[in-house]
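Throughout, a chain's letter reflects where its sequence line sits, starting with A, and its residues are numbered from 1. When reading the values below, keep in mind they use all heavy atoms of this one structure, side chains included, and skip hydrogens, waters and symmetry mates.
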2 protein chains.
Amino acid sequence: MSERRVRRATIADVAGLAGVSTATVSRVINHAGTVAPETARHVRAAIETLDYRPHAAAQVLARNRTNTIGLVFPEISGYYFASLLRGIAGGAGTYGYDLLIYSAQESATYRTAFQYPVGEQNTDGLLVFTDGLPEGELRRLHARGFPVVLIHWSPPAGLEIPSVTTENKASAYRLVDHLIGVHGRRRIVFLAGPEEHEDSHWREKGYRQALEAHRIPIDGALIAAGGSDREVARATVARLLRDGLDFDAIFAGDDDSATGALTALLEAGRRVPEDVALVGFDDIDIAQHLNPPLTTVRVPVEQIGREAVGQLVHLIRTGEADLLTLLPTQLVIRRSCGCNVVH
Amino acid sequence: MSERRVRRATIADVAGLAGVSTATVSRVINHAGTVAPETARHVRAAIETLDYRPHAAAQVLARNRTNTIGLVFPEISGYYFASLLRGIAGGAGTYGYDLLIYSAQESATYRTAFQYPVGEQNTDGLLVFTDGLPEGELRRLHARGFPVVLIHWSPPAGLEIPSVTTENKASAYRLVDHLIGVHGRRRIVFLAGPEEHEDSHWREKGYRQALEAHRIPIDGALIAAGGSDREVARATVARLLRDGLDFDAIFAGDDDSATGALTALLEAGRRVPEDVALVGFDDIDIAQHLNPPLTTVRVPVEQIGREAVGQLVHLIRTGEADLLTLLPTQLVIRRSCGCNVVH
DNA sequence: CGCTATAATGTAAGCGGTTACATCATACGG
DNA sequence: CCGTATGATGTAACCGCTTACATTATAGCG
């Protein structure tokens with residue numbers, strides 16, 4: 001452990017050992033230019049002998065690109081996060097980029113001089129999830145022509161920044177339409193996500209339109225805060241039950257709150273789906289393992305991550321990307337809505 | 001979007017505008033050396049005007065340290081991962097390090113010259129989760145005196161590499177002892193994790209010792225593969241039920257398999273905990289929301305991440321770290337074991 | 001008032017690569 | 001047999017910053 005650090009070999013060491021210039025070594029490493037096969041072999045042998053690896057920072061400085069993309073997150077939690085990251089890490093690997101991640105929740109107090117530890121100074125482009133970056137910083141980056149792609153978040157007014165997200169409204173509509181049309185529910189609670197969560201707005205819109213289509217008046221008392229959070233949703237539903245609110249179904253804006261809602265319902269002795277039908281949104285891993293298995297909408301989370309990386313890389317390399325990438329979702333009917341699908 | 005990239009200001013631009021040398025600008029940026037307050041103000045104004053940020057690679061090259069730690073993962077999934085990463089990202093932020101992450105599952109085919117995209121060439125130290133790195137690479141890094149800290153993984157024979165993990169055996173023992181002593185179960189299935197998963201071995205050891213302590217013979221038929229995976233566990237338990245194996249409890253090696261086991265039990269019409277008591281290990285977020293809420297062992301995942309970063313930073317800075325950091329766990333009794341705790 | 005300690009700042013040599021350009025052999029066509 | 005295109009390699013400037021050392025100005029002191 002207290003092993004002293006070994007001095008690392010440099011390209012000059014390799015050149016010396018192989019009896020060539022550093023330029024030739026560089027050519028071998030990067031498969032650039034022309035090198036005689038014999039020479040290349042010597043160089044490779046020298047690299048092997050010295051256990052040489054190019055110093056990344058030196059390459060970055062000389063090439064003027066970092067080969068790294070940055071990922072900015074407001075916070076790290078839940079299944080959703082893991083799936084998305086898997087997609088992003090996979091995408092980055094595929095395209096040959098390193099991945100630098102930064103979570104806004106970190107106490108960045110130590111950084112006195114410059115506010116954001118990730119940006120033009122150490123990456124070739126940034127992936128920003130929801131409101132991970134304040135608008136000012138986003139504008140600054142955009143003004144500099146720095147590549148940025150947003151995930152699950154639309155750019156602030158006036159900024160043409162590509163974004164990648166999923167279709168929300170139509171599937172929310174179909175879900176609620178299913179509850180009404182197939183299962184005859186009419187008093188449907190909607191558990192909304194946090195204000196900043198755009199997806200939630202669209203899901204609520206789908207909910208409202210489905211009710212309207214069936215000529216069911218919107219009852220404000222049925223729209224409550226789910227917070228995209230198990231505990232919040234559990235508390236909310238517990239309160240609704242205590243207040244004696246009349247409802248026969250719950251559409252949770254996301255599966256996390258659906259989970260909390262389910263807990264609250266069971267704790268209160270309500271049967272799902274007999275007394276109260278329950279549906280969610282996202283299809284997180286756990287959804288199918290709940291009891292009863294959750295009817296929800298499958299959001300291709302991992303694919304969103306991959307697609308975002310793809311757009312970013314394209315933006316970095318060509319200066320262009322699609323302004324909006326909308327990935328399709330899919331209804332997943334299980335048992336919590338009242339259907340009797342064998343799984 | 002097709003906005004052309006703006007040329008970035010360099011330290012020389014700032015120096016020029018402020019009418020000082022680059023050395024002085026550097027001193028201001030790094031709060032090093034002595035600079036007259038008046039001068040410093042001018043420099044800061046110039047930085048502001050030019051919207052200057054130091055080029056990270058140039059700093060790295062000049063200082064000979066990257067201020068970055070690398071995290072290597074075999075794969076990205078589940079609640080466990082998110083919690084651990086939260087701890088690590090938080091720790092890195094606290095200590096002022098950037099976080100470069102690399103998942104071994106990525107197809108690294110494009111990297112022809114050098115095998116690992118993360119290592120001495122672009123980080124000051126590495127955090128390796130379970131078997132994220134092949135032993136050869138680990139040995140190479142260790143031989144070079146490069147700082148590495150292992151998480152949930154012991155170093156291969158002969159390598160003195162610090163590792164951070166949790167206590168497993170004693171709590172597994174207490175859990176199984178609880179099933180036997182309090183709930184009178186004697187036919188207890190153990191769902192083991194994958195071979196490479198060290199924790200699983202210790203948990204199994206705790207299981208065996210608890211049985212022995214109660215003079216219950218070990219029945220090999222009761223030890224089955226849980227795979228640390230919901231689907232695997234579900235399939236395994238479904239098979240055990242189909243085979244008509246006699247058992248009155250299941251100790252799942254981790255909560256993920258507990259979840260799968262629960263699904264299989266309910267699908268087969270077994271009541272939990274009346275017919276079969278069920279306990280897990282880890283206390284993932286979802287555990288308390290299962291029906292019934294899961295009795296398990298709380299593993300301080302996030303804290304493990306923070307602690308690992310702490311050890312790594314200490315190792316980087318001083319060349320020393322604790323060879324083994326074992327964090328304590330805690331029994332969490334809920335209802336799936338048969339207890340009637342109100343939650 | 002001259003000398004020296006100290007504060008403030010500048011100069012320039014790296015850090016470890018990449019790459020435009022120069023150089024040198026060799027092969028080939030007329 | 002010579003001129004030239006081509007392949008192989010070397011030379012050295014440069015990427016943007018840090019920092020040891022040199023330099024200059026200022027102040028304190030006997």
End-to-end bend of the helix from C:dC1-D:dG30 to C:dG30-D:dC1 (five-pair axes, 10° rounding)?
-> 50°
Sequence neighbours excluded, which residues qualify as side chain to side chain donor-acceptor pair (under 3.5 Å) partners of B:Gln121?
-> none
Excluding sequence neighbours, so at least two apart, what forms salt bridge (Lys or Arg N to Asp or Glu O under 4.0 Å) with B:Asp124?
-> none
Side chain to side chain contact (heavy atoms under 4.5 Å, CB included), paired with A:Leu99, selected from A:Thr123, A:Leu127, A:Ile88, A:Val309 | A:Ile88
By side-chain contact (heavy atoms from CB on, under 4.5 Å) - contacts of B:Ser21 (at least two apart) = B:Ala23, B:Thr24
Between which nucleotides of DNA chain C, 5' to 3', does chain B make heavy-atom contacts below 4.0 Å?
-> C:dA8 to C:dG16
N/O donor to acceptor pairs below 3.5 angstrom from side-chain atoms of residues 36-49 of chain A, sequence neighbours left out:
{"residue": "A:Glu38", "atom": "OE1", "partner": "A:Arg41", "partner atom": "NH1", "Å": "2.8"}
{"residue": "A:Thr49", "atom": "OG1", "partner": "A:Ala45", "partner atom": "O", "Å": "2.8"}

Sorted by chain and residue number, the side-chain contact (heavy atoms from CB on, under 4.5 Å) partners of B:Thr165 (sequence neighbours excluded) come out as B:His152, B:Asp199, B:Leu324, B:Leu326
Go through the structure and list residues passing side chain to side chain donor-acceptor pair (under 3.5 Å) with B:Asn30, not counting sequence neighbours.
-> B:Ser26, B:Arg63
Taking only residues two or more places apart in sequence or in another chain, which ones pass side chain to side chain donor-acceptor pair (under 3.5 Å) with A:Glu120?
-> A:Arg140, A:Arg144
Across all chains, not counting sequence neighbours, the salt bridge (Lys or Arg N to Asp or Glu O under 4.0 Å) partners of A:Arg8 are none
Going 5' to 3' through nucleotides 9-18 of chain D, assign each nucleotide B (protein heavy atom under 4.0 Å from a base atom), S (under 4.0 Å only from sugar-phosphate atoms) or - (no protein heavy atom that close).
-> BBBB--BBBS
Partners of B:Glu307 by side chain to side chain donor-acceptor pair (under 3.5 Å), sequence neighbours excluded?
-> B:Gln311
